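To find a chain, count down the sequence lines: A is the first, B the second, and so on, and within it residues start at 1. Fair warning: this is a prediction, and the values are worked out from it, not measured in the lab.
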2 protein chains.
Amino acid sequence: MKIEEISNKLIEKGLRVTPQRMAILEAIIKLNNHPTAENIIEYIRKNHPHISLATVYKVLDALVENSLIKKVKTEKDIMRYDALMESHHHIYCSDSDRIEDYQDNELNELLKKYFDKKEIPNFKIEDLKLHIIGRFLKTGKK
Amino acid sequence: MKIEEISNKLIEKGLRVTPQRMAILEAIIKLNNHPTAENIIEYIRKNHPHISLATVYKVLDALVENSLIKKVKTEKDIMRYDALMESHHHIYCSDSDRIEDYQDNELNELLKKYFDKKEIPNFKIEDLKLHIIGRFLKTGKK
DNA sequence: TATTAAAGGAGAATTATTCTTATTTGAAAA
DNA sequence: TTTTCAAATAAGAATAATTCTCCTTTAATA
Ligand SMILES: [Mn+2]
Ligand SMILES: [Mn+2]
Ligand SMILES: [Zn+2]
Ligand SMILES: [Zn+2]
């Protein structure tokens, strides 16, 4: 992803392009593995050592608010963020904090078809996210 | 659920039966809608006004540790708990904090069959939880 | 009833996040 | 280009959910 593509994302949403926003959005995209605010700050400080914690949190909120990133659900007291905006699923490792994306159109269609047929009374489905929980096998660990 | 059933759950796990544990486990079962620690304390204080916050958190941990309750994933900085231990899915309301259980064996079998066929490389699935996100319709609101 | 490891209570500490307020800055307008 | 100013950032204080520490109480066993 080029730097210009990142600033275009901000411009499209009517957000001012600032070095902080560029760095944070770039960090989430580059880090790629559902980083925490802490992970993002650590990454950014290499090139941008003076960024403020409060700015990071405010920028993250603004990016979520403007649909440039998403929050990831966890059962920990730490928020994680995701730059992949297409609706997708997650693989959760049950003995570490690793979270991987899982994109599978066949599954999406299977689910869509299922809930077209079997409606939930008084409920309008907007999104379906499967949490796939289990263990990564040690062979050839990523 | 009778009071004796609740103490039996504790005894089966080798946990000592204390009034605090009874009250907390009963609260989660009775409240039924994925309460927060705060919700639980508020409920319990009616009959048990002197329980300590620290105790509530410690008991919740012990109950999770011993598989008597589960943590519920949210994208908020507040933990929620669930007394329904069978593997099940959740309906998340996108404009409130409401979370409802969704139990559907047909869906479970569909998913199981799907992932028996389509394996994820180097990954052993232990559980599948669908997050159904959307809106409850106002008609006959619960 | 006595014993004792386990559990609870109280309040301080921690920590992720939010707030406040002064300062700076991106970008539109002149 | 310079001016303007709403919007954004920095810094540190505040907040709030949760955890910790340390002392007291108690459930279960003998
Ligand atoms: Mn918090
Ligand atoms: Mn917290
Ligand atoms: Zn993702
Ligand atoms: Zn549930």
How many Å lie between [atom1] on [X] and [atom2] on [N], as a whole number?
| X | N | atom1 | atom2 | answer |
| --- | --- | --- | --- | --- |
| D61(A) | dA16(C) | CG | C1' | 13 Å |
| E65(B) | dA7(C) | CD | P | 12 Å |
| N39(A) | dT17(C) | CG | P | 11 Å |
| K76(A) | dT18(D) | NZ | C1' | 14 Å |
| I24(A) | dT17(C) | CD1 | P | 13 Å |
| L60(B) | dC20(D) | CG | P | 15 Å |
| E75(A) | dA17(D) | CD | C1' | 17 Å |
| L63(B) | dA6(C) | CG | C1' | 15 Å |

Walking DNA chain C from its 5' end, the first of G14(B) and A37(A) to be reached, judged by nearest nucleotide, is G14(B)
Self-check item: N/O donor-acceptor pair under 3.5 Å between R21(B) side chain and L63(B) backbone
Solution: no
In this structure, NE2 of H48(B) is separated from CD1 of I41(B) (nearest 0.5 Å) by 12.5 Å
Practice item. Output yes when at least one side-chain N/O atom of Y57(B) is less than 4.0 Å from OP1 or OP2 of dT19(D), else no. Key: no
Are K129(A) and Y92(B) in a cation-pi contact, defined as NZ or CZ under 6.0 Å from the six-membered ring centre and within 45° of the axis? no
Next on the checklist: Once hydrogens and angles are ignored, does a donor-acceptor distance under 3.5 Å link the base of dA8(D) to the side chain of R16(A)?
Outcome noted: no
Enumerate all atom pairs, one protein N or O and one N or O from nucleotides 9-13 of chain D, separated by less than 3.5 Å.
unit_1  : atom_1 : unit_2 : atom_2 : d
dT9(D)  : OP1    : T18(A) : OG1    : 2.6
dT9(D)  : O3'    : Q20(A) : NE2    : 2.7
dA10(D) : OP1    : Q20(A) : NE2    : 3.2
dA10(D) : OP2    : S52(A) : N      : 3.2
dA10(D) : OP2    : T55(A) : OG1    : 2.6
dA10(D) : N6     : K58(A) : NZ     : 3.3
dA11(D) : N7     : S52(A) : OG     : 3.4

### Query
If you count the non-hydrogen atoms of other residues, nucleotides and ligands that lie under 6.0 Å from CD in E5(B), is the total more than 12?
yes
DNA chain D nearest-nucleotide lookup for K71(B) and L15(B): closer to the 5′ end is K71(B)
Point to revise | D104(A) with K118(B): basic N within carboxylate O range, under 4.0 Å | key: yes
| said: Under a plain distance cut-off of 3.5 Å, with no hydrogens placed, do D101(B) and H34(B) share a side-chain donor-acceptor pair? | reply: yes
Please tell me if the side chains of L53(A) and Y57(A) come closer than 4.5 Å, counting only heavy atoms from C-beta onward. yes
